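Each remark here refers to the structure printed beneath this line.
Computation of the quantities below employed the complete heavy-atom set of this structure, encompassing side-chain atoms and omitting hydrogens, waters and symmetry-equivalent molecules. Remember, predicted model here, so these are calculated numbers, not experimental data.
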Amino acid sequence: MDQQTYNYEKIAKAIEFIVANAKEQPSLFDVAEEVSISQFHFQRVFTEWAGVSPKKFLQYITAGYLKDKIRESSNLVELAESAGLSSQSRVYDHFMAIEAVTPQEFKTSGKGLEISYGFHKTPFGDCFLAVTERGICAMAFVDEATRDDQLIQLAKKWHYASISPDQNITENYIGRIFQPEKKSLEKLPLLVQGTNFQLKVWEALLSIPKGAVTTYQQIAQSIGNPGAVRAVGTAVGDNPIAYLIPCHRVIRKEGVLGEYRWGSLRKKALIGWEAARHNEE
């Protein structure tokens with residue numbers, strides 16, 4: 001197991017323990033003992049990953065904090081505009097462009113497209129990434145049990161495309177995704193298959209800045225279809241590009257994080273990690 005995977009697994013286990021025992025306010029010693037490493041090493045690893053202490057991190061995933069963030073995001077358009085280009089890290093939120101395949105391409109399941117894929121380490125565990133010359137067409141968090149499933153799903157969705165492994169191509173994208181401040185701010189293009197309704201929902205997700213959260217109801221209102229909350233939930237769950245189309249930033253109106261296609265614990269890690277970086281800037 002490489003160091004990044006080892007660190008994330010320890011951090012994920014720590015987050016799970018902290019959340020489960022939040023009322024008891026576990027000490028640094030308690031958490032470090034739970035993940036079987038020294039207090040000093042755990043504090044260093046967690047702070048390097050999250051940018052804040054474990055105790056501070058917990059604040060960012062509590063219902064009270066998240067309810068306040070929901071109130072701030074009542075208007076997604078205003079929220080996106082207020083984020084603006086006021087800091088270098090937030091610039092990245094505005095540098096993704098989503099493109100839908102044409103109706104003919106949808107019908108022919110990607111005929112003529114060449115897709116390269118790879119598996120990579122990220123701050124949130126392993127991920128699967130697939131790209132074309134026109135942009136990223138699939139991204140998912142994986143483990144040993146689900147790696148093959150992603151290839152099967154990709155081949156099913158892009159049935160007539162030419163699909164082949166190429167870690168060199170996908171590695172370049174991984175750097176731009178998870179360390180945008182060190183890479184070019186050239187737009188990251190996303191290529192998706194979806195209905196008009198799904199595209200509206202996914203575009204609405206792109207307007208949620210890092211450090212913010214919203215609800216299914218607010219997404220439905222932002223696309224002009226306030227009665228379609230259930231359909232919005234389905235479209236959010238069908239998101240084909242994890243992290244970049246940030247479906248993890250959609251939570252329940254009660255401030256509860258809820259389920260996540262790639263694991264509820266990973267959702268806690270993603271939201272807390274983004275909130276910490278946003279608030280500590």
Exercise for review: List the steps, then state whether side chain to side chain contact (heavy atoms under 4.5 Å, CB included) holds for Lys121 with Gln4.
Suggested key: CA-CA 7 Å; Lys121 307 299 178 186; Gln4 189 173 28; 3.1 Å; yes

Do [X] and [Y] have side chains that approach each other closer than 4.5 Å (heavy atoms only, starting at C-beta)?
{"X": "Phe178", "Y": "Tyr243", "value": "yes"}
{"X": "Tyr260", "Y": "His248", "value": "yes"}
{"X": "Asp166", "Y": "Tyr117", "value": "no"}
{"X": "Val131", "Y": "Ile115", "value": "no"}
{"X": "Pro246", "Y": "Glu274", "value": "no"}
{"X": "Val232", "Y": "Ile223", "value": "yes"}
{"X": "Cys127", "Y": "Ile174", "value": "yes"}
{"X": "Arg147", "Y": "Phe119", "value": "yes"}

[atom1] of [X] to [atom2] of [Y]: how many Å apart, nearest 0.5 Å?
{"X": "Leu129", "Y": "His120", "atom1": "CG", "atom2": "NE2", "value": "6.0 Å"}
{"X": "Lys156", "Y": "Gln153", "atom1": "NZ", "atom2": "CD", "value": "8.5 Å"}
{"X": "Leu188", "Y": "Ile98", "atom1": "CG", "atom2": "CD1", "value": "12.5 Å"}
{"X": "Gln193", "Y": "Ser109", "atom1": "CD", "atom2": "OG", "value": "6.0 Å"}
{"X": "Leu244", "Y": "Leu205", "atom1": "CG", "atom2": "CG", "value": "12.0 Å"}
{"X": "Met139", "Y": "Thr122", "atom1": "CE", "atom2": "OG1", "value": "6.5 Å"}

Exercise for review: Give a yes or no on whether Lys200 atom NZ has more than 12 heavy-atom contacts from other residues, nucleotides or ligands under 6.0 Å away.
Suggested key: no

Review point. Would a hydrophobic clustering, with Ile, Leu, Val, Met, Phe, Trp and Tyr connected at side-chain separations under 4.5 Å, put Tyr160 with Leu151?
Key: no

Check your understanding: Linking I/L/V/M/F/W/Y whenever their side-chain heavy atoms sit closer than 4.5 Å, directly or via other members, would Tyr6 and Ile15 fall into one cluster?
Key -> yes

Exercise for review: Any chance you could lay out the side chain to side chain contact (heavy atoms under 4.5 Å, CB included) test for Val192 and Val101, step after step, and finish with the verdict?
Suggested key: CA-CA 6 Å; Val192 298; Val101 296; over 6 Å; no

Review point. Does Lys13 have any side-chain contact (heavy atoms from CB on, under 4.5 Å) partners at least two apart in sequence or in another chain, and if so, which?
Key: Glu34, Val35

Check your understanding: Residues two or more places apart in sequence or in another chain: which of them pass side-chain contact (heavy atoms from CB on, under 4.5 Å) with Gln39?
Key -> Leu28, Phe29, Ala32

Point to revise | Qualifying residue for side-chain contact (heavy atoms from CB on, under 4.5 Å) with Lys69, from Val213, Thr214, Ile251 | key: Val213

**Study point:** Result of checking Thr146, Asp143, Thr5 against Asp126 for side-chain contact (heavy atoms from CB on, under 4.5 Å)
**Key:** Thr5

Exercise for review: Under the side chain to side chain contact (heavy atoms under 4.5 Å, CB included) rule, what do Leu66 and Val256 come out as? Steps first, then yes or no, please.
Suggested key: CA-CA 8 Å; Leu66 293 170; Val256 177; over 6 Å; no

Where the side chain of [X] meets the backbone of [Y], is there a donor-acceptor pair that is under 3.5 Å apart?
{"X": "Glu203", "Y": "Gln198", "value": "no"}
{"X": "Arg252", "Y": "Gly258", "value": "no"}
{"X": "Arg261", "Y": "Asn239", "value": "yes"}

Exercise for review: Show your reasoning for whether side chain to side chain contact (heavy atoms under 4.5 Å, CB included) applies to Leu190 and Trp202.
Suggested key: CA-CA 11 Å; Leu190 312 177; Trp202 298 338; over 6 Å; no

Practice item. Please identify each residue that fulfils salt bridge (charged side-chain N to carboxylate O under 4.0 Å, His left out) with Lys56, with sequence neighbours left out. Key: none

Between [X] and [Y], which heavy-atom pair has the shortest distance, and what is it?
{"X": "Lys67", "Y": "Lys253", "value": "CG-O, 4.5 Å"}
{"X": "Gln59", "Y": "Tyr65", "value": "O-CB, 3.1 Å"}
{"X": "Trp273", "Y": "Ala50", "value": "CD1-CA, 4.0 Å"}
{"X": "Leu58", "Y": "Ala22", "value": "CD2-CB, 4.2 Å"}
{"X": "Ala235", "Y": "Phe197", "value": "CB-CE2, 4.3 Å"}
{"X": "Ile241", "Y": "Leu191", "value": "CD1-O, 4.4 Å"}

Exercise for review: Please collect all salt bridge (charged side-chain N to carboxylate O under 4.0 Å, His left out) contacts where either partner lies in residues 98-116, sequence neighbours excluded, each pair once.
Suggested key: Glu99-Arg134, Glu105-Arg134

Let me have the donor-acceptor pairs involving side chains of residues 40-49, under 3.5 Å, with sequence neighbours excluded, atom names and distances please.
from, atom 1, to, atom 2, distance (Å)
His41, ND1, Arg44, NH2, 3.0
Arg44, NH1, Glu48, OE2, 3.3
Thr47, OG1, Gln43, O, 2.7
Trp49, NE1, Pro123, O, 2.9

Tabulate below the donor-acceptor pairs under 3.5 Å that side-chain atoms of residues 262-269 make, not counting sequence neighbours, or state none.
from, atom 1, to, atom 2, distance (Å)
Arg266, NE, Phe124, O, 2.8
Arg266, NH1, Trp262, O, 2.8
Arg266, NH2, Phe124, O, 3.0
Lys267, NZ, Val250, O, 2.8
Lys267, NZ, Leu257, O, 2.7
Lys267, NZ, Glu259, O, 3.3

